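Single-structure report; data block below.
Just so it is clear: chains get the letters A, B, ... in the order the sequence lines come, proteins before strands, and each one is counted from 1. As the structure is a computational prediction, the values presented were derived from the model and not from experiment.
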Amino acid sequence: VRLALAVFGGIAAWTAHLLISASLVGLVCPAATTLLVALHATTLTAAAVSVGAGAVALGIARRSRGWRQFLAYFGVLLDLLSFGAVLLGGLTPLLVPVC
Amino acid sequence: MKAPDISDARLVRAWEDPPGWLGKLQSVGNNWIGPLFIASAFGFFVISGFDSVALRTQLAMPENELISAGDFNQLFTTHGTAMMFLVTVPMLEALTIFILPMVLGTRDMCFPRMSAFSFWTYVFGGIFFYASTLPDIGNFVLPGTPLPDWVPDAGWFAYPPLSNRVYSPGLNIDFYLLGLGFAEFAGIAAAVEIIITVLKMRAPGMSFDRIPIFAWGVLVMAFSILLAFPAVLVGTTLLELERKFGLPFYDPTLGGDPLLWQHLFWFFGHPEVYLMLIPATGIVSMIVPTFARRPMAGYVLVVTAIAATGFFSFGLWVHHMFTTGLPLVSLGLFGAASMMITFPSGVQVFAWIATMLNARRLRFDTPMLYVLAFIVTFVLGGITGVMVASVPFDLQVHDTYFVTAHFHYVLVGGVVFPILAAFAYWWPKVAGRVMDETLGRYAFWLIFIGFNVTFLPQHMAGLLGMVRRVYTYPDELGVGGYNLVSTLGAYLSVIGFALFVVNAVLSLIRGSKPRPDPWGGLGLEWKIPSPAPPYMFDEIPVIKARDVPSEERPETWRPERTRQTAERPLWRETLVTTMFDARAQAIAVVAGPSYIPLALGVTMTIVSAALLFDAYWLAVIFSLASVPLVVKWLWPSREERAYPNVGATLGGAALTPFATGPAAIGWWGMALGLVALGASLAMTVFSYFYLVYAGPERPELLRPPLAVAGGSLALATVGAIGALRADVAIAGGRQRSLRSWLAVSIVGAMGSAATLAWDITTLGLAPRESAYEAMFVTFAGYQVILMLAVVAAGLFVGAQAMLSFFTRERRVAVQNLALLASFGALSHLVTFGTLYLSPYLP
């Protein structure tokens with residue numbers, strides 16, 4: 001379970017970030033400040049989850065060998081990419097009007 | 001004591017097909033179905049290719065009147081639809097069905113009859129789709145005959161309102177929707193068995209860190225199909241319900257929304273592009289190391305890149321909808337995701353380049369030429385992809401020839417070139433001969449130059465303002481020259497493809513016979529004879545490293561030899577291994593020849609034709625006719641029941657032929673089928689909430705009474721508990737208890753279906769007058785059908801229980817019923833929460 005969370009934690013965080021942020025825009029939009037705060041909070045949470053999952057995956061990778069080590073490194077890279085995707089998406093509210 | 005040996009002749013007999021062409025109609029083996037599947041996909045490719053040549057001929061000159069606007073619409077619709085649904089994805093699945101067992105060191109796909117069913121469904125679906133052209137052909141042969149025009153003509157995406165009954169009143173779109181249903185069904189069936197074969201049937205020792213990259217690619221492709229295809233299944237079902245029965249899901253005047261179709265279609269459509277690309281990159285990662293004489297550089301990086309591409313592809317669908325008026329922030333979010341996907345793609349490109357730079361001596365045989373062409377065109381297509389991922393740029397070039405050029409660079413460069421490379425590379429496995437190198441090179445250069453001459457000018461034409469899907473353009477636009485060059489390029493490509501086919505045919509007649517390993521490949525497929533025998537491996541290899549150099553013979557093992565079955569008939573046996581570390585776990589007996597897949601394909605075609613012409617009585621008759629076929633397929637034969645529970649050993653592990661739970665491939669089949677059903681459920685929930693909260697106007701929600709639907713949910717739960725307890729009972733060897741719990745399960749599910757159906761009919765809904773009420777009825781109706789499926793499965797298992805077929809060891813069918821009934825209850829909970837409880841929320 002720990003390995004699964006480490007491998008898929010980042011990608012789950014990115015998915016949640018994308019879906020929650022896109023939904024928030026539709027639901028909260030007239031209240032621009034509230035929306036902005038909610039979007040940034042979502043980004044920070046998702047980024048933290050990605051980094052956390054990556055750290056756990058790295059720990060497992062250092063302690064294990066064979067297929068388990070392979071999956072853990074796979075998780076580290078996937079979490080890293082997810083972290084990048086969350087940050088890139090999270091920049092959007094800083095660049096365009098939110099409502 | 002040494003086990004008695006079994007002669008190779010008996011092994012061959014166990015795996016060979018019945019004689020003659022009738023025997024071939026029953027054949028289910030991957031080395032027959034795979035090439036047949038590939039040939040069929042190639043046949044559709046040729047038909048669709050002629051469509052594109054006709055399109056290009058029309059566009060060669062400005063203000064050309066060679067083809068009418070209506071015919072042009074039909075041509076680009078059939079071209080796009082066939083290329084996406086009948087050519088590329090099926091071609092890759094077909095290639096997978098053929099090659100995967102060889103690459104993984106197993107003897108066949110896990111469910112050979114499913115392969116055959118997928119193939120026949122696909123072929124009949126394609127024929128069904130193209131049957132729409134029959135009246136046109138009739139008009140051509142007998143001019144002036146008043147025949148209807150049935151060819152689909154609303155584009156391969158069939159956006160409503162253009163595709164609704166008002167603007168497309170004929171059968172055109174019905175052909176498209178029902179034909180698409182076939183392709184999706186075939187795709188999902190093939191995906192299920194690809195996943196199980198990769199996860200559970202690898203050679204022992206082929207742990208996760210040793211899986212060939214091609215297998216990783218097809219695994220990600222199959223998961224993407226499983227999750228993406230249900231979206232378009234839901235979308236097409238809703239559209240067909242709207243067209244046939246007037247349920248206004250996409251009609252904004254009655255609370256529907258055409259954008260719902262776009263969301264559902266592109267949630268499938270964008271991953272579709274990547275699910276074609278991903279296995280193609282897997283093919284490239286098999287070919288590059290062979291011709292570089294080096295293992296693939298950055299294995300972990302490449303595998304991660306493949307998986308990441310698969311994941312990110314599900315977050316990009318909105319980038320097809322940048323011009324639909326969505327909020328800027330949403331566009332930015334999806335634009336960012338679109339740009340992010342370039343990272344994993346870039347990683348793969350650099351890994352291929354690194355492998356080539358590290359080559360001992362890089363050889364440039366024909367497969368490698370296609371690989372190099374792929375890398376160049378894929379990078380160009382990727383760069384224009386980044387350009388259209390930028391929202392402001394996309395707003396300018398949307399629906400222009402720039403986008404046409406972009407996706408042809410990605411799809412032809414990124415998918416067709418690797419497929420051609422795979423043909424040339426693995427051809428000896430089909431034909432037992434190598435294609436002629438000189439002809440191959442001529443064909444390659446004609447195709448490569450022709451392709452670039454066709455599509456490079458289209459970037460310019462698009463930037464100058466030439467829009468897509470118009471049958472002609474004014475001379476003043478200044479794009480006539482680009483179009484003429486583009487058309488000449490298309491003709492050049494046709495000559496190249498024709499030469500490729502000629503080369504393949506000639507090689508069958510007079511090609512040189514190769515050694516088993518003509519290229520010096522590192523994969524297991526080159527350790528067996530060419531062409532591959534029906535059983536693939538007489539002895540299953542035991543894997544010790546990721547790559548097996550051509551000069552090495554892997555250690556092997558043969559299940560029959562340790563099972564002392566010399567006096568019994570031989571079965572089609574192969575090995576099941578554990579998911580991550582590929583330890584030997586059980587013996588799998590795969591199915592042999594049968595007419596059932598073909599017969600089911602025929603009945604499905606007749607049902608679809610009946611639905612097309614509103615002959616519902618005929619559809620019901622043939623649906624009922626398919627029931628005994630399904631029962632016959634799944635019912636254990638006398639021979640299967642007599643199959644001895646005599647294990648074998650491998651590396652000290654005792655292996656049983658009667659695995660249960662996750663050790664059984666049948667259990668995985670059901671579990672993955674439920675994943676696809678779960679994805680359909682998720683899309684239905686999305687559609688409901690989209691219409692309620694994001695539609696043109698918020699409907700007045702019903703607050704339906706909870707008692708009856710709640711009772712139905714309780715009964716579904718009873719049904720699930722009954723099935724779960726039945727499994728516990730038979731695990732303890734209690735036959736009477738098994739039957740009792742099965743009865744509870746059947747009665748529970750039946751009661752659940754009946755009460756929910758009664759509730760829907762008594763709520764007084766008017767589904768033709770409101771999209772919300774149409775969605776309510778459809779959603780709840782889906783749940784009723786699901787519970788009826790649980791009843792049918794319960795009766796099927798119950799009949800076997802009455803005949804005492806089940807034992808502690810043989811109970812996968814009971815476990816599968818438990819899975820299905822549990823899913824039914826869970827789905828009911830979601831249905832209840834969405835339709836009945838959510839309207840009470842503030």
Rounded to the nearest 0.5 Å, how far does [atom2] of [Y] lie from [atom1] of [X]?
| X | Y | atom1 | atom2 | value |
| --- | --- | --- | --- | --- |
| A:W67 | B:D209 | CH2 | CG | 9.5 Å |
| B:F334 | A:T92 | CZ | OG1 | 10.5 Å |
| B:M339 | A:L88 | CE | CG | 7.5 Å |
| B:F208 | A:R68 | CZ | CZ | 12.0 Å |

Contact class of A:L19 relative to chain B, heavy atoms under 4.5 angstrom: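 Side chain only.
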
So what's closer than 4.5 Å to chain B heavy atoms on A:L78: side chain, backbone, both or neither?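 Looking at A:L78, backbone and side chain both touch chain B.
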
Find out whether B:V329 and A:S21 are in side-chain contact, i.e. whether some heavy atom of one side chain is under 4.5 Å from a heavy atom of the other.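 Side chain of B:V329 against side chain of A:S21, heavy atoms only: no contact under 4.5 Å found.
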
What part of B:L301 gets closer than 4.5 Å to chain A, counting heavy atoms only: side chain, backbone, both or neither?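 For B:L301, the contact with chain A is made by backbone and side chain together.
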
Kindly list each side-chain donor-acceptor pair under 3.5 angstrom involving residues 40-56 of chain A, sequence neighbours excluded, with atom names and distances?
residue	atom	partner	partner atom	Å
A:T42	OG1	A:A38	O	2.6
A:T43	OG1	A:H17	NE2	2.9
A:T43	OG1	A:L39	O	3.0
A:T45	OG1	A:A41	O	2.7
A:S50	OG	A:A46	O	2.9

Would you call the rings of A:F74 and B:W216 parallel, tilted or perpendicular if under 30° counts as parallel and over 60° as perpendicular?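 Correct class here is parallel.
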
Relative to each other, are the rings of A:F70 and B:Y299 parallel, tilted or perpendicular (30° and 60° limits)?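 If you compare the ring of A:F70 with that of B:Y299, the planes turn out tilted.
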
Would you please test A:W14 and B:F312 for ring pair (Phe, Tyr, Trp, His ring centres under 6.0 Å) and show each step? CA-CA 9 Å; A:W14 167 76; B:F312 286 139; 4.8 Å; yes

Which atom pair, heavy atoms only, marks the closest approach of B:P344 to A:L81?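 Minimum heavy-atom separation between B:P344 and A:L81: CD-CD2, 4.3 Å.
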
Would the number of heavy atoms belonging to other residues, nucleotides or ligands and lying under 6.0 Å from CZ of B:F689 be above 12?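 Atom CZ in B:F689 is packed in, count exceeds 12.
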
Are more than 12 heavy atoms from other residues, nucleotides or ligands located less than 6.0 Å from atom CZ of B:F350?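 Check fails, neighbour count at 12 or below.
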
Selection from A:P97, A:G90, A:P93, A:A85 maximising heavy-atom pairs under 4.5 Å formed with chain B: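 The residue among A:P97, A:G90, A:P93, A:A85 with the greatest pair count is A:A85.
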
In terms of heavy-atom pairs under 4.5 Å with chain B, which of A:L71, A:L18, A:V25, A:T15 leads?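 If we count pairs closer than 4.5 Å to chain B, A:L18 comes out on top.
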
